[in-house]
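Each chain gets a letter, A, B and so on, in the order its sequence line appears, and its residues count up from 1.
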Amino acid sequence: MSVSTEAAAHGHDEHAAHPEYMRHQFDDMDQQNDAASLGMWLFLLTEVMFFGGFFLGYSIYRSEYYESFVIGSQNLDVFLGGLNTVALITSSVTMAFAVRAAQLGKKNHVLIFLVLTLVLGLVFMVNKYIEYSHKLHDGLIPGYNFLWTGLGDGQTIQLFYGFYFCMTGTHGLHVLIGLVLIVWLLIRVWQDKFTTEYYAPIENFGLYWHFVDLVWIFLFPLLYLIGGLAV
Amino acid sequence: MSTIAQQGAAEHRMPRDHFLNAAYTIKSWLLTMDHKRVGLLYLISITFFFLIGGTFASLIRLELATPEADLMEADQYNVAFSMHGIVMIFFFLIPSIPAVFGNFIMPLMIGAKDVAFPKLNLMSWYLFIFGGTFGVLTTLLGGVDTGWTFYTPFSSTYSNSNVILAGMAAFIAGFSSILTGLNFMVTIHKMRAPGITWFKMPLFVWGMYATSLIMVLGTPVIAITLALMMVERGLHIGIFDPALGGDPVLFQHLFWFYSHPAVYIMILPGMGVISEVIAAFSRKRIFGYEFIAMSSVSIAVLGFFVWGHHLFVSGQSIYAGMVFSFITMLVAVPSAIKVFNWMATIYRGSVSYDAPMLYALGFIGLFSVGGLTGVFLAIMGLDIHMHDTYFVVAHFHYVMVGGAVTAFMAALHFWWPKISGRMYPEGWSRLAAFLIFAGFNLTFFPQFIVGYLGMPRRYHVYPEEWQLLNIMSSAGATILAAAFIVPAIYLAWSLKNGKISGPNPWRATGLEWILSSPPPEHNFPTTPIVEEEPYDYGEVIDNPVHEEEHEKEREHA
């Protein structure tokens with residue numbers, strides 16, 4: 001095995017020149033940024049596979065118990081769901097602006113847009129909390145206090161609510177984790193940890209946030225709008 | 001090459017500084033960012049779980065020594081085989097080669113300073129230990145009795161054992177596996193040293209890449225499946241329980257969508273190891289490099305389209321069954337490509353029979369038996385007869401123990417000098433390899449016969465006429481258990497007393513062998529630039545004089 005070590009002579013100088021944010025295992029910032037970005041895309045791929053299990057189960061039972069799913073769906077609050085859709089889509093826009101601002105090194109803009117994203121995310125969580133409390137109050141929590149008194153088959157309507165809570169709950173958990181990460185990013189931005197060369201955490205968090213947004217864009221029509229809008 | 005030959009002739013010394021003596025504190029291990037130390041953390045942890053899983057296996061074989069229920073009642077027996085499966089699959093086989101040697105060796109092979117995300121790598125180990133804690137807790141609280149497959153509605157409704165604890169154990173360990181796969185994929189994509197193009201990577205790295213692909217794409221599905229099962233058990237929602245409106249076959253589809261590819265998580269890294277070992281001990285360029293590399297990837301891809309062969313008798317549509325049957329048989333093609341290429345590599349090679357090579361040869365034979373009996377089971381008509389019999393048990397043990405564990409032993413013996421800097425005793429290591437091979441065959445070959453005769457799996461009693469075959473199996477298991485203790489002793493012994501190996505005791509190619517043994521804390525002071533092909537073992541020379549020199553040199557080294 002012949003391996004050239006010609007770079008050995010200036011190896012140490014190179015090391016000294018490395019900025020603090022560059023990890024020791026990488027040769028240069030391009031490599032580090034590419035690795036981080038690929039890592040995030042792969043992580044999102046695992047998320048797609050994870051949510052895929054929900055969507056598969058949902059599709060099967062929606063086609064099997066369509067009427068129950070319509071009844072369950074018409075009982076959800078389309079207004080709050082719609083409001084949440086608007087909140088998340090808007091937060092995706094503010095997040096994209098935050099990434100752009102980071103790219104340009106405009107610290108204040110990054111802070112403003114991250115705070116806006118945080119606020120919109122909080123709006124989503126508060127709405128979700130209101131929706132969940134109503135369901136708790138109405139006795140629609142599967143396995144806890146589920147009691148269906150209206151028309152239709154209570155058992156399979158409970159199955160719809162099972163999917164509703166599992167899917168929106170897992171999604172909500174993702175939003176919550178996102179909010180925590182935004183706070184962490186805000187602190188790091190405040191401390192001037194990022195530069196125009198190193199803002200990969202903001203960019204990759206943006207990817208995550210868009211993904212979470214995208215999941216909701218699927219969840220909203222699939223859960224709230226079965227059988228058309230209830231008037 | 002001449003420099004390497006000279007190294008072989010000289011007396012070796014331990015390097016002054018290496019990753020093992022860089023720091024001695026507990027903290028330096030538990031908070032390490034060094035992929036080599038993380039690999040060793042995994043080695044210690046999976047050895048522990050192998051012991052637990054092995055203990056349950058011993059209990060099973062002890063009970064089955066007689067046709068009656070003498071040692072265990074049915075319920076206890078259910079716990080024994082379930083815990084054996086869960087521990088061995090989720091806590092030994094799946095992490096075994098990837099987490100230990102993938103972590104330790106793969107970054108060295110591609111000339112990287114570390115994996116792409118060292119912190120994440122350490123976190124994977126902690127997740128593994130966290131999941132393992134749930135596993136141990138399950139065991140201590142009386143175990144779980146659903147089988148490792150957690151089939152619903154038994155698991156979600158009727159079982160009275162610790163299903164949620166065991167489910168959590170597998171769920172959490174799954175995330176460790178996902179993050180390891182992700183880390184490896186990014187590492188292989190982005191961290192290769194200049195000159196190591198995709199088709200110049202050692203085949204072990206290809207094996208790790210294919211494995212990681214399955215870990216990343218498959219494991220999230222088992223996570224969601226187990227989560228839904230646990231939700232159903234906790235809240236009685238009715239996703240899988242037909243009494244509540246659910247469909248138990250949906251669980252089986254989701255479960256096997258991961259768990260069949262998971263079998264390839266266990267075997268693909270092993271195949272990578274065998275490719276390394278066969279080339280090194282035949283002293284020949286590997287035959288059909290591109291075919292072996294691509295067959296790993298195609299096994300990984302095909303693996304995602306064969307899950308339905310576990311559902312031939314579960315009420316799956318017969319047309320779906322036919323498609324699954326056909327695709328399952330297709331998996332035999334890339335597997336056979338590998339076996340033939342290994343054979344062609346050995347052919348007219350300058351073969352030496354050190355322990356790693358003995359394991360590799362054992363692997364080829366045992367994996368072939370396991371693989372070919374898999375084709376039997378892929379045939380729908382035959383599967384109705386064989387389904388849930390000991391034939392199936394024998395088949396997958398030939399693949400998982402005969403294949404994956406044998407490959408793990410090959411890897412352990414091949415890279416032990418690299419890891420520890422010392423050699424193990426040659427005679428003992430060869431003896432252990434023989435004992436494992438013999439014990440293994442005596443354990444599992446009779447199970448093919450008794451399964452073909454109709455003995456169902458997962459029962460603690462059986463008709464008397466099958467006792468002879470079962471006793472053979474239990475006797476084999478005893479030999480196997482004893483044979484696994486031998487390497488544990490001599491490897492531990494070698495840590496202090498073994499001959500110092502020097503950087504490259506096998507005179508193998510590959511970047512990991514140019515480093516000192518044990519490797520330094522920081523792998524490569526500067527990124528190496530590789531110009532050679534992998535497996536550049538030069539021409540095999542048939543000259544007997546050369547062979548003699550070769551022998552002398554080996555003895556000397």
Side-chain angles (χ1 to χ4, degrees), chain A residues 1-12 14-15 23-27 30-43 45-57 60-61 64-65 68 141-144 146 153 155-163 165-166 169-170, chain B residues 1 4 33 35 107 111-118 120 178-179 181-183 185-187 189-191 193 195 216-221 223-225 227-228 231-232 234-239 244-247 250 253-254 257 509-511 513-514 522 524-532 536:
Chain A
M1 199 91 201
S2 85
V3 174
S4 130
T5 48
E6 57 197 68
H10 56 276
H12 283 282
E14 223 173 34
H15 198 263
R23 312 259 174 256
H24 79 95
Q25 70 270 27
F26 297 109
D27 288 331
D30 277 349
Q31 193 188 23
Q32 175 170 329
N33 290 335
D34 284 358
S37 168
L38 180 64
M40 183 44 91
W41 280 108
L42 282 175
F43 174 70
L45 194 62
T46 71
E47 290 274 31
V48 169
M49 296 307 288
F50 185 81
F51 277 99
F54 281 131
F55 283 108
L56 176 70
I60 287 170
Y61 293 118
E64 200 147 326
Y65 308 120
S68 299
I141 310 287
Y144 177 67
F146 197 87
D153 172 24
Q155 186 64 63
T156 46
I157 292 174
Q158 171 168 298
L159 187 57
F160 170 80
Y161 277 98
F163 273 105
F165 279 106
C166 283
T170 312
Chain B
M1 298 305 286
I4 289 173
M33 298 288 158
H35 65 101
K113 296 193 191 81
D114 206 312
V115 291
F117 309 117
L120 196 69
I178 291 174
L179 295 178
L182 188 152
N183 216 337
M185 278 186 84
V186 177
T187 306
H189 267 277
K190 299 291 176 194
M191 311 286 281
V216 165
L217 288 174
T219 320
V221 180
I224 188 68
T225 311
L228 288 174
V231 166
E232 170 156 312
L235 303 175
H236 306 290
I237 288 179
I239 301 165
L244 300 171
D247 184 353
L250 174 63
H253 277 291
L254 284 169
F257 181 82
T509 64
L511 280 180
W513 298 110
I514 63 168
H522 301 288
F524 300 96
T526 52
T527 306
I529 298 165
V530 179
E531 284 147 11
E532 313 273 316
D536 190 18

Can you say whether [X] sits under 4.5 Å from chain B via the side chain, the backbone, both, or neither, judging by heavy atoms?
X        : answer
A:Leu159 : both
A:Ile141 : neither
A:Phe54  : both
A:Phe146 : neither
A:Phe165 : neither
A:Leu45  : side chain

Do you know which of [options] has the most heavy-atom pairs with chain A at a distance under 4.5 angstrom?
options                                : result
B:Val115, B:Asp114, B:Leu120, B:Leu217 : B:Leu217
B:Glu232, B:His253, B:His189, B:Met191 : B:Met191
B:Thr187, B:Leu254, B:Ile239           : B:Ile239
B:Gly246, B:Ala112, B:Gly234           : B:Gly246

Go through the atoms of [X] and report whether side chain, backbone, both or neither lie under 4.5 Å from a heavy atom of chain A.
X        : value
B:Ile178 : side chain
B:Phe257 : side chain
B:Ala223 : both
B:Pro118 : both

Qualifying residues under side chain to side chain donor-acceptor pair (under 3.5 Å), relative to A:Thr156, sequence neighbours excluded: A:Ser68, A:Asp153
Residue that, paired with A:Cys166, satisfies side-chain contact (heavy atoms from CB on, under 4.5 Å) out of B:Val231, B:Ile224, B:Leu235: B:Val231
Closest non-hydrogen atom pair, [X] against [Y]:
X        : Y        : value
B:Ile237 : A:Pro142 : CG1-CB, 3.9 Å
A:Tyr61  : B:Asp247 : OH-N, 2.8 Å
B:Val216 : A:Leu42  : CG1-O, 4.1 Å
B:Ala116 : A:Gln25  : O-NE2, 2.7 Å
B:Lys190 : A:Ala35  : CG-CA, 3.9 Å
B:Leu182 : A:Gly39  : CD1-O, 3.7 Å

Close side-chain approach of A:Asp27 to B:Lys113, heavy-atom, < 4.5 Å: yes
Distance, nearest 0.5 Å, that separates NE2 of B:His522 from NE2 of A:His24: 7.0 Å
Rounded distance [0.5 Å steps], CD in A:Glu64 versus CG in B:Leu250: 9.5 Å
